Amino acid sequence: MRTSAFHLVTRKETPQDAEIVSHQLMIRAGLIRKLGAGLYTWAPLGLRVLQKIENIIREEMNAAGALEMLMPAVQPKELWEETGRINDFGGQLLAIHDRAERDYFFGPTHEEVITDFVRNEINSYKQLPINFYQIQTKFRDEIRPRFGVMRSREFIMKDAYSFHMSQESLEQTYETMKQAYTNIISRIGLKFRCVLADSGAIGGSGSQEFHVIADSGEDAIMYSDSGEYAANLEKCEAVSLIETRAEPSAELTEVHTPGQKTIEDVVNFLGLEKTQTVKTLLVEGVEQAVALVVRGDHNLNEVKAVNLAAVASPLRMLNDDEIKAIAGCDAGSIGVKDLNCHIIIDRTVANMHDFVCGANKTDYHLTGVNWERDAQYHAVEDLRDAQVGDPSPDGVGTLQVARGIEVGHIFQLGNKYSKAMNAVVLNEQGKSQAMEMGCYGMGVTRMVAAAIEQNHDHKGIIWPSNIAPFTVAILPMNYQKSERVRLASDELYEALLAKGVEVILDDRKVRPGFMMSDFELIGIPHQVIIGDRALDANEVEYRNRTDMNSENINRDTILSFLLDQLSA
Ligand code: ATP
Ligand code: MG
């Protein structure tokens with residue numbers, strides 16, 4: 001490709017709404033352009049990267065035995081009524097209607113559509129297991145679309161759905177998909193981690209996420225420093241930090257704590273440690289209000305909380321009036337003694353003794369509180385965020401944290417959808433049976449942004465070579481005026497094309513410095529600078545975008561040198 005025949009439009013300025021580096025660089029390099037909130041056009045340069053990622057995904061999915069298909073993006077509302085998922089997805093669903101006032105959603109995911117396809121298409125155990133996939137545009141009306149294509153409203157997902165007669169068969173395909181995902185992200189060239197995950201609105205019995213490791217990642221990944229355990233913070237099991245509960249040794253005492261609202265205030269006022277206190281949070285429950293109790297220095301994990309049967313979804317903290325009605329005090333003085341609601345305490349809290357909590361009386365706290373003797377609870381659960389330094393829940397090592405970008409999520413769904421939608425087949429005994437199901441999503445557009453988050457420097461993008469829009473750039477200094485430079489550039493260009501290399505030759509009439517900074521920004525892995533001075537010595541300059549090292553190479557060997565670099 002010659003730049004004169006291509007569309008290359010870079011920008012110097014960083015766009016104002018671009019908070020993270022991948023978003024900034026994608027706009028500056030001209031990979032994407034914004035159309036509206038969470039809506040982006042992929043320019044030819046960006047599309048080349050996207051299609052490379054798609055091709056790697058397609059090859060690995062095919063190799064893993066999955067069958068490509070394509071479902072409509074627009075889905076009839078009735079299908080969603082069958083599974084009752086309209087509420088779960090809530091505001092993320094983009095509702096549309098046709099001229100006859102029939103209701104549709106623009107698909108945020110395709111469990112309903114594939115299950116409808118399969119219930120009509122498959123009727124015998126002999127046709128199973130089977131795994132279908134598509135690469136397609138989704139729409140989710142995200143509350144806060146941001147970070148460019150990292151969290152957009154319209155985006156491309158690869159989604160696969162497998163169907164089985166048994167849990168064992170599902171587990172087999174799940175493992176195959178896990179391996180396929182590992183192969184895909186490795187081939188793309190990114191550092192990543194597979195972690196235990198919460199199943200969210202998709203549901204099912206178990207799931208894992210694939211995270212590209214990057215400081216800007218929205219998710220916290222907890223992992224053992226010496227073992228295999230790794231989980232999204234949302235899911236990471238938090239063990240009790242106290243082995244057994246000691247006997248009460250202090251007397252229950254009410255203390256006046258005027259104006260001391262937060263845990264910090266109270267511990268400073270009383271001269272205590274946060275670890276001696278508990279926080280009582282009142283949330284909406286399914287039947288009655290629920291008190292969730294964590295140690296003063298711990299964070300409530302909202303995903304764990306909302307997954308509790310007694311807690312209403314979505315999670316809602318009670319307001320001041322509701323708190324007053326239940327606890328009889330302000331939010332800062334809620335405590336566990338004589339609190340009239342369903343009380344669920346964290347594992348660590350269950351082993352505390354002589355602790356401090358609110359007195360359910362504004363501006364008063366209790367010290368020397370002990371379970372059984374002074375206060376009762378209904379259940380012990382894992383309620384808190386795990387934190388760095390905690391013992392790993394599998395007993396091996398200590399937890400550390402890294403930031404991650406979720407690029408893939410695989411689920412064992414079981415028969416949630418097949419039951420709801422009556423997707424049954426005849427088993428070997430001729431009896432009708434609901435199918436077991438798995439689903440496997442991967443963010444194709446998000447992967448491009450994740451690749452940049454992990455691979456860039458202050459000058460621009462550094463593409464891993466398998467997904468670079470071009471692998472070699474020829475940058476002639478003075479292409480328009482120096483015939484010698486032009487001939488040398490054209491010769492190398494033709495030779496690389498003949499070898500099937502994806503090469504771009506910059507034949508624009510621009511200043512050398514401008515040209516070089518453009519290609520540093522765009523991040524082409526291998527760059528050859530051709531100028532009169534080096535040609536005097538029959539040489540050209542080679543630059544590697546990754547380490548920015550440059551060396552002069554003899555013109556007669558530059559082709560074989562480049563081919564060596566590309567196959568390295
Ligand atoms: P997140 O937690 O980031 O919102 P999710 O759990 O809603 O993601 P899934 O339903 O598991 O996402 O979708 C599968 C994949 O689709 C995700 O792993 C992610 O890579 C991608 N994806 C989801 N939402 C978006 C979005 N708004 N923009 C770009 N990619 C997305
Ligand atoms: Mg997810």
Side-chain angles (χ1 to χ4, degrees), residues 20 22-23 26 32 34 36-40 42 46 50 53-54 57 61 85 88-94 106-112 114 133-161 174 177-178 180-181 184-185 188 190 192-204 206-214 216-221 231-235 302-303 306-307 314 403-413 416-417 438-454:
I20 59 169
S22 59
H23 187 189
M26 288 182 83
I32 54 166
K34 184 173 178 174
L39 302 173
Y40 290 88
W42 286 82
L50 192 62
I53 291 177
E54 275 188 23
I57 294 175
M61 290 300 291
R85 270 214 300 178
D88 296 346
F89 259 82
Q92 287 209 340
L93 281 172
L94 176 67
F106 196 108
T109 178
H110 277 67
E111 283 79 13
E112 281 79 3
I114 191 73
Y133 80 98
Q134 63 174 350
I135 296 178
Q136 204 220 30
T137 299
K138 309 282 191 230
F139 192 97
R140 294 183 182 178
D141 199 354
E142 299 275 355
I143 299 176
R144 220 153 80 77
R146 62 202 153 126
F147 306 152
V149 296
M150 189 77 89
R151 182 168 299 286
S152 48
R153 296 199 296 169
E154 189 179 298
F155 60 97
I156 299 174
M157 194 201 287
K158 184 286 299 169
D159 44 332
Y161 306 89
Y174 183 87
M177 283 297 100
K178 196 166 144 184
Y181 274 42
I184 290 166
I185 311 174
I188 292 172
L190 303 180
F192 68 97
R193 254 200 123 112
C194 174
V195 307
L196 300 171
D198 179 63
S199 297
I202 308 276
S207 77
Q208 283 168 299
E209 289 166 349
F210 285 77
H211 284 263
V212 167
I213 303 302
S216 63
E218 284 188 282
D219 288 278
I221 302 303
N232 192 316
L233 177 64
E234 288 177 356
K235 176 78 178 175
E302 298 194 356
V303 173
V306 82
N307 284 342
R403 305 300 303 182
I405 300 167
E406 180 194 323
V407 293
H409 198 165
I410 59 177
F411 299 78
Q412 292 185 20
L413 296 173
K416 168 174 170 177
Y417 294 89
C439 81
Y440 319 93
M442 185 169 260
V444 185
T445 41
R446 180 180 286 183
M447 191 78 80
V448 179
I452 297 174
E453 284 300 324
Q454 198 177 77

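Read the numbers this way: they start at 1 and go in the same order the structure lists the ligands and their atoms. It should be emphasised that the depicted structure is a prediction, and the values quoted were computed from it without experimental measurement.
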Which of the numbered atoms in ligand 1 are under 4.0 angstrom from any heavy atom belonging to [X]?
X: V407; answer: 18 (O), 20 (O)
X: G408; answer: 18 (O)
X: E142; answer: 24 (N), 26 (C), 27 (N)

Non-hydrogen atom of [X] closer than 4.0 Å to ligand 1:
X: T445; result: no
X: K138; result: no
X: V149; result: yes

Would you find more than 12 non-hydrogen atoms of other residues, nucleotides or ligands less than 6.0 Å from Q92 atom CD?
-> yes
Would you check if the side chain of [X] reaches a backbone N or O of [Y] as a donor-acceptor pair within less than 3.5 Å?
X: Q454; Y: I213; answer: yes
X: S22; Y: E453; answer: no
X: R446; Y: V407; answer: no
X: T445; Y: I156; answer: yes

Would you please classify the geometry between the F139 ring and the F106 ring as parallel, tilted or perpendicular, with 30° and 60° separating the classes?
-> perpendicular
Aromatic ring pairing Y174/Y440, orientation class (parallel under 30°, perpendicular over 60°, tilted between) = tilted
Any N or O on M442 sitting closer than 3.5 Å to an N or O of ligand 1?
-> no
For atom 12 (O) of ligand 1, the option (of R140, E234, R446) bearing the nearest heavy atom | R140
Ligand 1 contact on E406 by region, counting heavy-atom pairs under 4.0 Å = both
